[in-house]
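A quick write-up on the structure given underneath.
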Amino acid sequence: MRNPESPRLLGVYRRAVPDRVRRAVVAQVDADLRRRVKLRIAGGTAAAERLRRNRLARRYAALTAGPDRAVISVGREPRVALIAEGITPLKARRANLEAVLGALAAAGVPHFCVPGKSDTSSAVAVREEDRAAVLAALAAACAREPGYAAPVSGNGGPSGRASQPGFAAGTWHRLRTAAVVRLTWYRADPTHQLKLGEPYGCDVEFWREEHGELTAPRPGRVTAVLPRQGPLVDAPECCFTDFTDVRPGAATAPADAPLLPARAETAVVRTDQVTFPVDVVYTWVDGSDPEWLRRRAEYAGEAYHAEAANAARYLSRDELRYSLRSLHLYAPWVRTVYLVTDDQTPSWLDTTVPGLRVVSHKEIFRSPEVLPTFNSHAIESQLHHIDGLAEHFLYLNDDVMLSREVTPRDFFHASGLTKFFPSPALVPVGERSLDDPPVAAAGKNNRRLIEQRYGSVLVQKMKHMPHPLRRSVLEEIEREFAAEYRRTERNRFRSVDDISIASSLHHYYAFHTGRAVPSTDLPYAYLDLTHPWTETRLGRLLAQRDRAVFCVNDTVSTEQDASGQKDLITPFLEAYFPVPSPYEKR
């Protein structure tokens, strides 16, 4: 029996049944009957989708045949997709742009790239007077490899069912007057779980000549008007998007980074672009390692609170593998990943890959006598001691995942200011006590320091998000709050005396010294593995993919809980992040 709460079936059920109907079903129908209803609706909808896919495959057999082609469902619509190993959003964006540029160049149509307002889609300008030749060239490109076309209004993307087969003649008749046309070649990994479509398409803009100038059909990121004539230059990808591994102003670029035709006026680095390098730091522990368990047991009597030494703090459900996959898919601009461990390395991790470095606690703790440590607050207090770490970096726990594309501007301002993400959860009032769980005690200690220094009272915790940090601020905290810092680094387990530096104090201290600002821009989900509705929430998250970050966490599980939780979370993570990252052994 298939589980009707599995992410795939739940997604089908949610697409098939309106919200108000689902609410009525929940209010009036018992759980067992609801389960049978979901299975029936999901099964029927899946069968209808298969029928539509089969019809498309038969109608366009020449375009759908071969190991690199497949008919997939996107929403409820069948689409011909190109299948490739290792596909990523950045690769899809580049491939769609390359296909359009190649078609226009082959047809001899003048064109140039323009900085659009989307970071995931690209934009190419052509002259309105060349419309017939442009549409003919694009139609030919879609006939060679099955592509799709849709009209675009303003700076949004096409509506859900707007894309039509570019290999069907009728499509181009409907687009004969469109001011902007998006070309999309759908791409999928071999499992068909990662589907990259319209958000990564290439927009062709028809610019009109008016009063001796070229005028765009919509506002761009740099300009909507250009002189009729002007020099073309080869511009790096970062002039058009922040979602790239090409850094503005960098002396070198990746070998496969494209140079794109552009008008010289738009081949610029904007003042809002982040030009400094950004690294990522993870802390990780293998809580099943016998030697590590022996060391922990030796010092376990030092823990003041049950949560300070709780097994859930150290359980590994292979989250790091999938967090790295999310980083590879959705943050290609990261320079170097540092993995901080107690001389442990995941068996699947390829430590030889460029851009990755495993860092031992022994390398960053200035006082070796405090090791071994099992205190995440202590470990986090040492991150700025990592040799070679960039001034600006993101700190991630391994249970934090990026779930859609992000850019450096989501975490940093171009001026260098960091962002932070306050939580609706509040730091408990009152003085710290031995009854406080470690996170509450640390929050109260942070509050005391900020209030003493600045006269204001911090009340909010932080979301379980990537934490944008600066080395210089962390170094300053080490000096300015030396006594509290030293106590924290010396506590082997979380202590009532701890301060939480990387996940909270940094943000409030940087805010009060003019180097950080709060942000609510990134949609986020926190998933507690012990909550009874977690499986349903996982299914919704996979079906809708509407969060930028999510965290899968708990603090009360035991070693015995880990197996069942892994059975729940691993299929979800594998479906969300099916593409192995370069950090995994082949």
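The residues of the chain are indexed from 1 along the displayed sequence.
- Judged by distance alone, the side chains of Glu574 and Tyr322 do bring a donor and an acceptor atom under 3.5 Å apart.
- The two residues Lys91 and Gly86 make their nearest non-hydrogen contact at NZ-O, 3.2 Å.
- In this model, a donor atom of one side chain and an acceptor atom of the other lie less than 3.5 Å apart for Glu405 and Tyr200.
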In sequence, state the C-alpha distance, the side-chain angles, and the governing distance for Arg247 and Thr275, and then conclude on side chain to side chain donor-acceptor pair (under 3.5 Å).
CA-CA 6 Å; Arg247 304 305 304 133; Thr275 59; over 6 Å; no
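- With rounding to the nearest 0.5 Å, the separation of OH in Tyr282 from CG in Leu320 is 6.5 Å.
- Defined by atom type and a distance below 3.5 Å, a donor-acceptor pair is missing between the side-chain atoms of Asp398 and Ser323.
- No side-chain donor from either of Thr120 and Arg93 sits under 3.5 Å from a side-chain acceptor of the other.
- Using modelled atom types, one side-chain atom of Lys444 and one backbone atom of Glu431 make a donor-acceptor pair closer than 3.5 Å.
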Ring pair (Phe, Tyr, Trp, His ring centres under 6.0 Å) between Phe550 and Tyr576, worked out
CA-CA 12 Å; Phe550 66 83; Tyr576 210 114; 5.7 Å; yes
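- Between the side chains of Asn445 and Glu484, no donor-acceptor pair is found at a separation under 3.5 Å.
- Cation-pi check for Arg296 over Phe374 is not met; the charged atom does not lie both under 6.0 angstrom from the ring centroid and within 45 degrees of its normal.
- Between the side chains of Asn491 and Asp497, not a single donor N or O lies within less than 3.5 Å of an accepting N or O.
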Kindly indicate, with the supporting measurements, whether the criterion side chain to side chain donor-acceptor pair (under 3.5 Å) is fulfilled by Ser423 and Gln460.
CA-CA 6 Å; Ser423 167; Gln460 289 175 278; over 6 Å; no
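- No more than 12 heavy atoms of other residues, nucleotides or ligands sit less than 6.0 Å from atom CZ of Phe511.
- Not counting sequence neighbours, the partners of Glu584 by the side-chain contact (heavy atoms from CB on, under 4.5 Å) test are Arg321, Arg325, Trp348, Pro580, Ser581, Arg586.
- Between the side chains of Ser381 and Glu489, no donor-acceptor pair of N or O atoms lies under 3.5 Å.
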Step by step, work out the side-chain contact (heavy atoms from CB on, under 4.5 Å) result for Leu339 and Arg357.
CA-CA 6 Å; Leu339 179 62; Arg357 185 180 152 211; over 6 Å; no
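- Ring centers of Phe411 and Phe393: at least 6.0 Å apart, outside the cut-off.
- For Gln344 (side chain) and Thr341 (main-chain N/O), no donor-acceptor pair under 3.5 Å exists by modelled atom type.
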Please evaluate residues Val334 and Asp279 with respect to the criterion side-chain contact (heavy atoms from CB on, under 4.5 Å), reporting the C-alpha separation (whole Å), side-chain torsions for both, the decisive distance (0.1 Å), and the verdict.
CA-CA 6 Å; Val334 167; Asp279 291 339; 5.6 Å; no
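- The pair Arg515-Glu476 counts as a salt bridge, with a side-chain nitrogen and a carboxylate oxygen less than 4.0 angstrom apart.
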Would Thr520 and Lys463 count as a side-chain contact (heavy atoms from CB on, under 4.5 Å) here? Give the steps.
CA-CA 10 Å; Thr520 58; Lys463 292 178 180 177; 5.6 Å; no
Can Asp245 and Arg94 be said to form a salt bridge (charged side-chain N to carboxylate O under 4.0 Å, His left out), step by step?
CA-CA 12 Å; Asp245 52 3; Arg94 285 176 174 170; 2.7 Å; yes
Yes or no on side-chain contact (heavy atoms from CB on, under 4.5 Å) for Met401 and Glu319, after CA distance, side-chain angles and deciding distance?
CA-CA 9 Å; Met401 318 280 167; Glu319 296 100 330; 3.8 Å; yes
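- Using a cut-off of 4.0 Å between Lys/Arg side-chain N and Asp/Glu carboxylate O, Glu475 and Arg479 are scored as not salt-bridged.
- Between the side chains of Glu363 and His385, no donor-acceptor pair of N or O atoms lies under 3.5 Å.
- Looking only at atom types and distance, the side chain of Asn375 has a donor-acceptor partner in the side chain of Asp498 under 3.5 Å away.
- The line from CG of Asp343 to OG1 of Thr345 is 8.0 Å long, rounded to the nearest 0.5 Å.
- Listed for the His531 side chain is a donor-acceptor partner under 3.5 Å among the backbone atoms of Trp533.
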Please evaluate residues Ser456 and His512 with respect to the criterion side chain to side chain donor-acceptor pair (under 3.5 Å), reporting the C-alpha separation (whole Å), side-chain torsions for both, the decisive distance (0.1 Å), and the verdict.
CA-CA 9 Å; Ser456 61; His512 282 87; 2.7 Å; yes
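- Judged by distance alone, the side chains of Asn553 and Tyr526 do bring a donor and an acceptor atom under 3.5 Å apart.
- Using a 3.5 Å distance cut-off with no hydrogens or angles, the side chains of Thr418 and His507 do not pair a donor with an acceptor.
- Cation-pi contact between Arg453 and Tyr509: absent, since separation from the ring centre below 6.0 Å together with deviation from the ring axis within 45° is not met.
- Of all non-hydrogen atoms in Val274 and Phe412, the two that sit nearest each other are CG2-O, 3.8 Å.
- The existence of a salt bridge linking Arg409 and Asp521 is excluded, since no basic side-chain nitrogen approaches an acidic carboxylate oxygen closer than 4.0 Å.
- Note that the CD atom of Glu380 and the OG atom of Ser504 stand 10.5 Å from one another [nearest 0.5 Å].
- Side-chain atoms of Ser500 never come within 3.5 Å of backbone atoms of Ser503 as a donor-acceptor pair (strictly under, hydrogens ignored).
- Residues Pro428 and Arg447 approach most closely at O-NH1, 2.8 Å, considering heavy atoms.
- Residue-environment remark: CD (Glu85) stays at or below the threshold of 12 foreign heavy atoms within 6.0 Å.
- Side-chain atoms of Thr534 come within 3.5 Å of backbone N or O of Asp528 as a donor-acceptor pair.
- Residues Arg471 and Glu391 are not paired through a salt bridge, judged by the lack of any N-O separation under 4.0 Å between the basic side chain and the carboxylate.
- Looking at Arg295, Lys362, Arg492 one by one, the single match for salt bridge (Lys or Arg N to Asp or Glu O under 4.0 Å) with Asp342 turns out to be Arg295.
- Note on Arg448 versus Glu451: no salt bridge recorded, every NZ/NE/NH1/NH2 to OD/OE distance being 4.0 Å or above.
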